[in-house]
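Below is one structure, written out as structure tokens; comments come after it.
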Amino acid sequence: MERLRQRHGHFADVIVADALYLNAPFINTIKENGLETVIRLKDEKRLIFQDAEGFFDQGEGKARSFQRGKKTVEVWDLSGFEIENCPYRLRVVKYHEMWLENGKEAERWMWLVTTLEQTAPEILWEMMNRRWDIEENGFHQLKTYYHAKHCYCHAAVEVIFNLMIIGFNMRELYLYRRIQKYARSRITRKSVSRMFRDDLLTEKVKQILYQKGG
């Protein structure tokens, strides 16, 4: 974080992180560098989880519900919590998502800890779900269709991996920024990649790709 700030100045407003990062050194570093954070809370043995659950079970912190697509999301939201060696007061938000799946009731619980005091629970929920989108669509796509399955660490291999990342990001930017209706088209990324591949294998492009020095 410090290196990024020195290199790029104010490079972000909020860092969204997995439960592994719910610790004092990370949160202190975030705040000292002028940032805020939203962190997943999973471990029920954590004191901050147990403290918040105690208040929520007593009926405190219950906020209004909201809709996201087919989901109804209930919210519990309280501030003022602490973790060891962290001078900053933290906010805990609990979500209960409910929806119908194949005619049956489905549900999911999600907890998060944040340094953001005024941000609406709906926006915090959106932030955490966007992080999952990066993980599921980004890393899953890279692993499944870009063969990013090994440890790309050194020299030429690292360069190749960086080129793969650039190629992947260019395709995502093309689909979601250039083609405005793509998100609603229901055309899969795999189908688009196949179209790109087929176009590259036409005789005219094939000659350019495979000619000497090409």
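Note that this is a predicted model, so its numbers are computed, not measured.
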- prompt: Should Arg131 and Asp18 be marked as a salt bridge (charged side-chain N to carboxylate O under 4.0 Å, His left out) after you check the CA-CA gap, both sets of side-chain angles, and the distance that decides it?
  reply: CA-CA 9 Å; Arg131 178 193 168 276; Asp18 201 0; 3.7 Å; yes

field: Evaluation steps, salt bridge (charged side-chain N to carboxylate O under 4.0 Å, His left out), between Glu117 and Arg91
entry: CA-CA 7 Å; Glu117 284 294 328; Arg91 176 182 173 192; 5.7 Å; no

message: One pair to check against side chain to side chain contact (heavy atoms under 4.5 Å, CB included): Leu90 and Glu82. What are the steps and the verdict?
response: CA-CA 6 Å; Leu90 302 172; Glu82 302 177 358; over 6 Å; no

- request: May I have the step-by-step check of ring pair (Phe, Tyr, Trp, His ring centres under 6.0 Å) for Trp111 and Phe49, ending in yes or no?
  value: CA-CA 9 Å; Trp111 293 62; Phe49 186 104; 4.0 Å; yes

task: Could you check Glu172 against Arg177 for salt bridge (charged side-chain N to carboxylate O under 4.0 Å, His left out), going step by step and ending with a plain yes or no?
output: CA-CA 8 Å; Glu172 295 295 288; Arg177 292 299 179 88; over 6 Å; no

task: Verify side chain to side chain contact (heavy atoms under 4.5 Å, CB included) between Met164 and Phe161, making sure each step is shown before the conclusion.
output: CA-CA 5 Å; Met164 290 165 58; Phe161 184 58; 4.3 Å; yes

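Using a distance-only test at 3.5 Å, with no hydrogens or angles considered, a donor-acceptor pair links the side chain of Tyr95 to the main chain of Pro121. Under a 3.5 Å cut-off, the side chain of Asn28 and the backbone N or O of Asn85 do form a donor-acceptor pair.
Here the straight-line distance linking atom CZ of Phe168 with atom CG of Leu163 works out to 15.0 Å at 0.5 Å rounding. To the nearest 0.5 Å, the span separating CD on Glu32 from CZ on Arg5 amounts to 9.0 Å. Atom OH in Tyr182 sits 7.0 Å away from atom CD1 in Ile187 (nearest 0.5 Å). Separating the CD1 atom in Ile15 from the CD1 atom in Ile30 is a distance of 5.0 Å, to the nearest 0.5 Å. The OG1 atom of Thr37 sits 10.0 Å away from atom CE of Met127, with the distance rounded to the nearest 0.5 Å. To the nearest 0.5 Å, the span separating CG on Asp51 from CZ on Phe81 amounts to 6.5 Å.
For Arg108, the CZ atom sits in a packed shell: over 12 heavy atoms of surrounding residues, nucleotides or ligands are nearer than 6.0 Å. Counting non-hydrogen atoms of other residues, nucleotides and ligands closer than 6.0 Å to NZ of Lys62 gives a total above 12. In this structure, Gln67 places its CD atom where more than 12 heavy-atom neighbours from other residues, nucleotides or ligands lie under 6.0 Å away. For Tyr176, the OH atom counts as densely surrounded, since its 6.0 Å shell holds more than 12 non-hydrogen atoms of other residues, nucleotides or ligands.
Counting heavy atoms from C-beta outward, Glu74 and Lys94 have side chains that stay 4.5 Å or more apart. In this structure the side chain of Glu44 never reaches within 4.5 angstrom of the side chain of Gln50, judged on heavy atoms. Here the side chains of Glu105 and Leu100 are in contact, with some heavy-atom distance below 4.5 Å. Considering only heavy atoms from C-beta on, Arg178 stays 4.5 Å or farther from Leu173 through its side chain. Side-chain contact check for Leu78 versus Val93: every heavy-atom pair is 4.5 Å or farther apart. Looking at Lys71 and Met98, their side chains never come closer than 4.5 Å, going by heavy atoms from C-beta outward. Between Leu35 and Met1 the shortest side-chain heavy-atom distance falls below 4.5 Å. Contact annotation: the side chain of Ile83 never approaches that of Asn23 to less than 4.5 Å [non-hydrogen atoms, C-beta and beyond].
No chain of hydrophobic side-chain contacts below 4.5 Å, direct or via other Ile, Leu, Val, Met, Phe, Trp or Tyr residues, connects Ile48 to Val16. No single ILVMFWY cluster, assembled from side-chain heavy atoms under 4.5 Å apart, contains both Trp99 and Val75. In the hydrophobic cluster analysis, where Ile, Leu, Val, Met, Phe, Trp and Tyr join through side-chain heavy atoms closer than 4.5 angstrom, Val113 is grouped together with Trp109. A continuous path of ILVMFWY side-chain contacts below 4.5 Å connects Val92 to Leu20, so both sit in one hydrophobic cluster. In terms of hydrophobic clustering, with Ile, Leu, Val, Met, Phe, Trp and Tyr side chains grouped at heavy-atom distances under 4.5 Å, Leu112 and Leu22 are assigned to different clusters.
Thr114 and Glu36 are not linked by any side-chain donor-acceptor pair at a separation below 3.5 angstrom, with hydrogens and angles left out of the test. Checking Arg171 against Ser193 by side-chain atom types alone, a donor-acceptor pair falls below 3.5 Å. When only modelled atom types and interatomic distance are considered, Glu97 and Thr72 share no side-chain donor-acceptor pair under 3.5 Å.
The aromatic rings of Phe26 and Tyr21 sit tilted relative to each other, their planes meeting at an angle between 30° and 60°. Ring orientation note: the planes of Phe56 and Trp76 are tilted relative to one another, at an angle of 30° to 60°.
Of all non-hydrogen atoms in Met128 and Ala17, the two that sit nearest each other are CE-O, 4.1 Å.
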